[in-house]
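What follows is a short report on a single structure.
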Amino acid sequence: MTAFLIESKKLLIDRLLQMHDQYISNICRECKHTYEEQIAQYRQKHDKAIDKIASVIDTLLEQPETKTVNLEELFGQTVSRDTLV
């Protein structure tokens, strides 16, 4: 009887450890999924802003070095100041 109880205790502890491992794995999976969703939203949101800034920088770099760049002309050629802000 004692051997049976000891073996049962071992089996219960093994099952408990398996359940705990599975629970922790599920939590890690959910956290990873949430993190990846947030990164995807961040990239989607900021890709548009980066494209606008890149167009302004490209326009600035295309200008000859001797030419003075007027901000009104720059914003007229690319995006408006409000959009860039």
Taking atom CD of Gln22 as the centre, report whether more than 12 heavy atoms of other residues, nucleotides or ligands fall under 6.0 Å from it. no
Can you tell me how far apart CG (Asn26) and CG (Asp21) are? Round to the nearest 0.5 Å. 11.0 Å
With Ile39 as partner, the option from Gln41, Arg43, Glu37, Glu36 fulfilling side chain to side chain contact (heavy atoms under 4.5 Å, CB included) is Arg43
Test side chain to side chain contact (heavy atoms under 4.5 Å, CB included) on Arg29 and Ser25 and set out the steps. CA-CA 6 Å; Arg29 193 176 307 114; Ser25 295; 4.3 Å; yes
Please confirm whether the backbone N or O of Tyr42 pairs with a side-chain atom of His46, one donor and one acceptor, at under 3.5 Å? yes
Please answer: with hydrophobic residues joined when any side-chain heavy atoms are less than 4.5 Å apart, are Met19 and Leu11 in the same cluster? no
Nearest-0.5 Å distance that lies between atom CG in Leu12 and atom CG in Leu17: 11.0 Å
When rounded to the nearest 0.5 angstrom, what is the spacing between OG in Ser55 and CG in Leu60? 9.5 Å
